[in-house]
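For reference, the structure discussed in these notes is given below.
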Amino acid sequence: MAMENINTGATRTLSAMFDTRAEADRAIAALQAAGIADVVLTGGDNPGYGSVERDVAIDTRTHEKGFFESIGDFFFPEEDRYAYAEGLNRGGYLVTVSNIASDQYETALDILDDEGAVDLDAREAEWRQEGWSGYDPALGDTTAYAAERVETDTYVARDRAPLEGDLNDDGRIDVVEERLLVSKREAEGGRVRVRSYVRETPVEQDVELRSERVNVERRAVDRPASDADFAERTIEAREYVEAPVVHKDARVVEEINLNTDVQTHVETVRDTVRKTEVEIEDERGNIVDRDLDADRR
């Protein structure tokens with residue numbers, strides 16, 4: 001199951017653990033095919049989850065420190081960093097996807113889940129049953145581990161010539177500040193559909209019709225008859241009636257059109273940004289300035 005690490009406004013970050021290299025590679029290939037290229041694989045040389053004998057009594061920070069350091073540049077919550085380091089120590093693989101655009105976030109999440117991302121919460125529960133202690137908030141974050149690294153670096157520094165001005169490394173601390181960048185994208189806000197269909201309605205209309213009727217009239221006469229009057233004769237008369245003839249005339253009686261008008265409104269976007277704060281002390285331990293950049297804001 002993929003997990004979101006941090007949301008930096010316009011872009012977001014996801015991470016997911018995989019048990020096999022094949023699953024991790026398939027996820028990376030599917031992400032790249034979808035146009036999501038900022039993907040990092042950690043633990044690429046691992047033999048696969050479950051292939052490494054793990055002593056849960058050893059602190060994640062002091063066992064295979066390379067794994068803990070290798071994910072130090074990612075903005076993970078501290079408890080997630082411990083879990084990821086433990087999964088890497090056990091032979092797993094970590095896929096981290098950065099700078100995901102908002103319209104690609106759901107695609108990236110589906111790809112990681114479909115390719116077999118580990119349910120990290122369930123996996124942590126298994127480790128705890130085996131005796132793994134996990135992240136202990138009482139110990140803080142990686143302070144102890146960081147202190148150990150500082151002491152080691154200091155010890156090494158004693159063996160080499162000091163830099164000019166007794167500065168460590170290049171004598172520089174970068175002040176990092178995030179800036180909120182807000183862009184716009186089109187999204188469907190609703191729909192209006194007009195549908196036409198045919199419905200038959202009974203109608204009626206009165207029509208006056210004529211009809212003919214043949215009447216037979218007999219009347220008494222008295223006149224002389226000739227031989228021709230004794231010939232056989234037939235007379236015939238036809239009756240005619242009017243019948244209704246129906247035809248239909250289709251007419252367009254109304255037109256319906258759809259059009260849009262554009263309205264604008266102002267929406268306030270709220271988020272948080274991070275900034276490196278600097279505290280300077282002189283040789284006597286006095287605080288000179290907490291933030292050199294304060295006057296520039």
(message) If I take atom CG from residue L112 and atom CG from residue L14, how far apart are they, to the nearest 0.5 angstrom?
(response) 6.0 Å
(request) Just do the side-chain contact (heavy atoms from CB on, under 4.5 Å) check on M17 and Y49 with the steps written out, would you? (result) CA-CA 10 Å; M17 289 293 303; Y49 181 77; over 6 Å; no
(message) Which residues pass the side chain to side chain donor-acceptor pair (under 3.5 Å) test with Q104, not counting sequence neighbours?
(response) none
(request) With the side chain counted from C-beta on, respond yes when V97 and V95 share a heavy-atom pair under 4.5 Å apart, and no when they do not. (result) yes
(message) Does any part of the side chain of L94, heavy atoms only, come nearer than 4.5 Å to the side chain of S15, both counted from C-beta?
(response) yes
(request) For R270, check side-chain contact (heavy atoms from CB on, under 4.5 Å) against everything at least two apart and list the hits. (result) T268
(message) Between R90 and E126, does any NZ, NE, NH1 or NH2 come within less than 4.0 Å of an OD or OE carboxylate oxygen?
(response) no
(request) Could you go through the side-chain contact (heavy atoms from CB on, under 4.5 Å) check for T276 and D174 one step at a time? (result) CA-CA 8 Å; T276 303; D174 293 331; over 6 Å; no
(request) Please report the shortest heavy-atom distance between F18 and A27, naming the atom on each side. (result) CZ-CB, 3.7 Å
(request) Go through the steps for D19 and R123 under the test side-chain contact (heavy atoms from CB on, under 4.5 Å), then give the verdict. (result) CA-CA 11 Å; D19 288 342; R123 189 59 58 82; 3.1 Å; yes
(request) Enter the distance from L109:CG to D114:CG here, rounded to the nearest 0.5 Å. (result) 9.0 Å
(request) State, with a plain yes or no, whether a side-chain heavy atom of R26 is found less than 4.5 Å away from one of T20. (result) no
(request) Find out whether R193 and R191 are in side-chain contact, i.e. whether some heavy atom of one side chain is under 4.5 Å from a heavy atom of the other. (result) yes
(message) Can you confirm whether the side chains of E86 and W127 place a donor and an acceptor under 3.5 Å from each other?
(response) no
(request) Examine distances only and state if a side-chain atom of E242 and a backbone atom of L209 form a donor-acceptor pair shorter than 3.5 Å. (result) no
(message) What's the separation between atom CG in D38 and atom CG in N99, rounded to the nearest 0.5 Å?
(response) 4.5 Å
(message) Using side-chain heavy atoms (C-beta onward) and a distance below 4.5 Å, is Y240 in contact with R210?
(response) no
(message) Checking one residue: V194. Which other hydrophobic residues are in its cluster under the side-chain 4.5 Å linking rule?
(response) V192, I256, L258
(message) Test of understanding: with salt bridge (charged side-chain N to carboxylate O under 4.0 Å, His left out), list the residues that count as partners of R21, not counting sequence neighbours.
(response) D25
(request) Check A24 against Y93 and note the closest heavy-atom contact, atom names and distance. (result) CB-CB, 4.1 Å
(message) Run the salt bridge (charged side-chain N to carboxylate O under 4.0 Å, His left out) test against R238 and tell me which residues pass, sequence neighbours left out.
(response) E236
(message) Would you say CG of D206 has more than 12 non-hydrogen atoms from neighbouring residues, nucleotides or ligands within 6.0 angstrom?
(response) no
(message) Would you say V269 ends up clustered with V273 if hydrophobic residues are merged whenever their side chains have heavy atoms under 4.5 Å apart, either directly or through other cluster members?
(response) yes
(message) Quick one: does any side-chain atom of N46 pair with a main-chain N or O of L88 as donor and acceptor, under 3.5 Å?
(response) yes
(message) Connecting only ILVMFWY residues whose side-chain heavy atoms lie within less than 4.5 Å of each other, what is the rest of V221's hydrophobic cluster?
(response) none
(request) Determine yes or no for a side-chain-to-main-chain donor-acceptor pair under 3.5 angstrom, with S211 supplying the side chain and V241 the backbone. (result) no
(request) Kindly indicate whether the side chain of E239, heavy atoms from C-beta on, has any atom under 4.5 Å from the side chain of R213. (result) yes
(message) Could you report the tightest heavy-atom contact between D229 and P224, atom names first, then the distance?
(response) OD2-O, 4.2 Å
(request) Can you measure from CZ (R199) to OG1 (T201) and round to the nearest 0.5 angstrom? (result) 4.0 Å
(request) Look up atom CD in E177 and atom CD in E277, then write down how far apart they are to the nearest 0.5 Å. (result) 9.0 Å
(request) Among T96, L31, I100, find the residue that satisfies the side-chain contact (heavy atoms from CB on, under 4.5 Å) test when tested with V39. (result) L31
(request) Could you pull out the closest heavy-atom pair between R185 and S102, with the gap in Å? (result) NE-CB, 4.3 Å
(message) Within this structure, what is the CG-CG distance for the pair D113 and D119, rounded to the nearest 0.5 Å?
(response) 9.5 Å
